[in-house]
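A short write-up of the structure that comes next.
Chain A is the first sequence line, chain B the second, and so forth, proteins listed ahead of strands; every chain is numbered from 1.
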There are 2 protein chains.
Amino acid sequence: MKNNSYLFFKVLSTELRAKIIDLLYQKPRTVSQITKELQTDQSKISHNLQKLSLCNIVNSKRKGKTKIYSLNKKTILPILDLVNKHFCTLCIKECKAKEEYK
Amino acid sequence: MKNNSYLFFKVLSTELRAKIIDLLYQKPRTVSQITKELQTDQSKISHNLQKLSLCNIVNSKRKGKTKIYSLNKKTILPILDLVNKHFCTLCIKECKAKEEYK
DNA sequence: ACTACATATGATATCTCTTTCATATGAAAA
DNA sequence: TTTTCATATGAAAGAGATATCATATGTAGT
């Protein structure tokens with residue numbers, strides 16, 4: 001695995017950030033929109049957006065008082081597609097099954 | 001992001017497991033071979049192999065006293081290729097740069 | 001310049017994952 | 001069937017990440 005790509009995976013590895021990515025996949029949103037839709041608090045969202053941002057998974061631009069975050073689709077979509085369409089259905093089913101069985 | 005695919009990323013998200021994957025990418029290996037090559041202890045390797053195994057990232061078969069682990073290439077290679085060849089070089093460079101700058 | 005709203009940031013508490021240590025299980029050989 | 005080597009596993013310790021809370025910064029309107 002190339003040098004530090006595990007860092008990239010780490011950023012993709014929490015439920016909250018997955019949910020944020022899902023929202024931004026639909027359309028760009030402001031911090032407060034995301035906060036409201038995920039029914040959590042603003043600071044948490046900002047912290048997590050920053051991590052996504054550091055790995056270029058999301059982009060942002062100011063618009064007045066707000067800041068609009070969008071998914072860097074060119075970067076992230078191929079990998080999500082691959083994971084979602086191909087092995088992951090199978091793979092995670094297994095995962096879950098085994099975990100539940102535990 | 002599909003249901004629980006973030007769990008899959010989580011398993012790929014540590015340096016040690018990345019190193020294990022690298023070794024198994026070259027060729028299948030026993031637990032003690034991996035342990036020796038990574039100069040760490042056996043229990044740690046076993047624990048981590050188990051996680052990789054739960055997500056079908058690696059397979060294993062007994063051979064006498066030993067157990068040979070191999071990379072489930074069909075499952076994992078496409079995603080690694082994608083990450084390594086395309087955006088990740090760029091992406092992680094950025095990551096690192098920003099982290100170091102901090 | 002002051003106020004209000006939106007977002008970011010730093011410090012610490014909390015939580016989760018990984019490592020460690022001791023021990024158990026499994027397999028082969030004597 | 002006992003001994004030895006290889007691997008697995010459970011519990012507790014340790015490390016690392018995330019959430020929370022308080023506060024700072026940024027922007028616009030007045």
Quick one: do A:Ile68 and A:Thr30 satisfy side chain to side chain contact (heavy atoms under 4.5 Å, CB included)? Show the steps, please.
CA-CA 4 Å; A:Ile68 301 182; A:Thr30 66; 4.1 Å; yes
Roughly how many Å is it from CG in B:Asn48 to P in D:dT9, rounded to a whole number?
14 Å
Given that B:Arg62 and A:Arg62 both sit by DNA chain D, which one's nearest nucleotide is further toward the 5' end?
B:Arg62
Quick one: label B:Thr66 by what it contacts on the DNA or RNA (base, sugar-phosphate, nothing), any heavy atom closer than 4.0 Å.
sugar-phosphate
Ignoring the backbone of A:Val31, work out which of D:dA8, C:dA6, C:dA8 is nearest its side chain.
C:dA8
Figure out the CD/C1' separation between A:Gln42 and D:dA19, and round it to whole Å.
13 Å
On the nucleotide D:dT18, are OP1 or OP2 found under 4.0 Å from the side-chain N or O atoms that A:Lys51 carries?
yes
Rounded to whole Å, the CG-P distance (B:Asp41 to D:dA6) equals 15 Å
Output the rounded distance in Å from CD1 (A:Ile20) to P (D:dT18).
11 Å
Against A:Asn72, only a single residue in A:Asn59, A:Leu52, A:Ile57 fulfils side chain to side chain contact (heavy atoms under 4.5 Å, CB included); can you say which?
A:Asn59
Under the criteria of a ring-centre distance below 5.5 Å and an interplanar angle below 30°, is B:His47 stacked with the base of C:dT19?
no
Counting distance only, does the side-chain N/O of B:Lys10 pair as donor-acceptor with the main-chain N or O of A:Thr14 below 3.5 Å?
no
Nearest whole angstrom, please: distance from the C1' of D:dT18 to the CZ of A:Arg17.
8 Å
Hey, is the side chain of B:Ser43 pairing donor to acceptor with the base of D:dT7 inside 3.5 Å?
no
Grab the NZ-P distance between A:Lys10 and C:dT16 for me, whole Å please.
16 Å
Could you check which of C:dC5, C:dA27, D:dT9 has an atom nearest any side-chain atom of B:Lys65?
C:dA27
Hey, is the side chain of B:Gln50 poking within less than 4.0 Å of OP1 or OP2 on D:dA8, counting only N and O atoms?
no
A side-chain contact here means heavy atoms from C-beta on lying under 4.5 Å apart; do A:Leu12 and A:Arg17 qualify?
no
Hey, does B:Ser46 reach any base, or is it just sugar-phosphate, or nothing, if we go heavy atoms under 4.0 Å?
base
Start with the C-alpha gap between B:Val11 and A:Phe9, add the side-chain angles, then the distance that decides, and say whether side chain to side chain contact (heavy atoms under 4.5 Å, CB included) holds.
CA-CA 9 Å; B:Val11 175; A:Phe9 291 125; over 6 Å; no
Starting at CD of A:Gln33 and ending at P of C:dT7, how long is that distance when rounded to a whole Å?
8 Å
Does any N or O in the side chain of A:Thr35 come within less than 3.5 Å of the main-chain N or O of A:Val31, such that one atom is a donor and the other an acceptor?
yes
Taking atom P of C:dT18 as reference, at what distance in whole Å does atom CG of B:Leu16 sit?
10 Å
Across the strands shown, which category fits A:Ile45 at heavy-atom distances under 4.0 angstrom: base, sugar-phosphate, nothing?
nothing
Identify which nucleotide among C:dT7, D:dA19, C:dT19 has an atom closest to any side-chain atom of A:Lys44, counting heavy atoms from C-beta outward.
D:dA19
So what does B:Thr14 touch, heavy atoms closer than 4.0 Å: a base, only the sugar-phosphate, or nothing?
sugar-phosphate
When you measure from the side chain of A:Tyr69, which nucleotide among D:dA8, C:dT7, C:dA8 comes out closest?
C:dA8
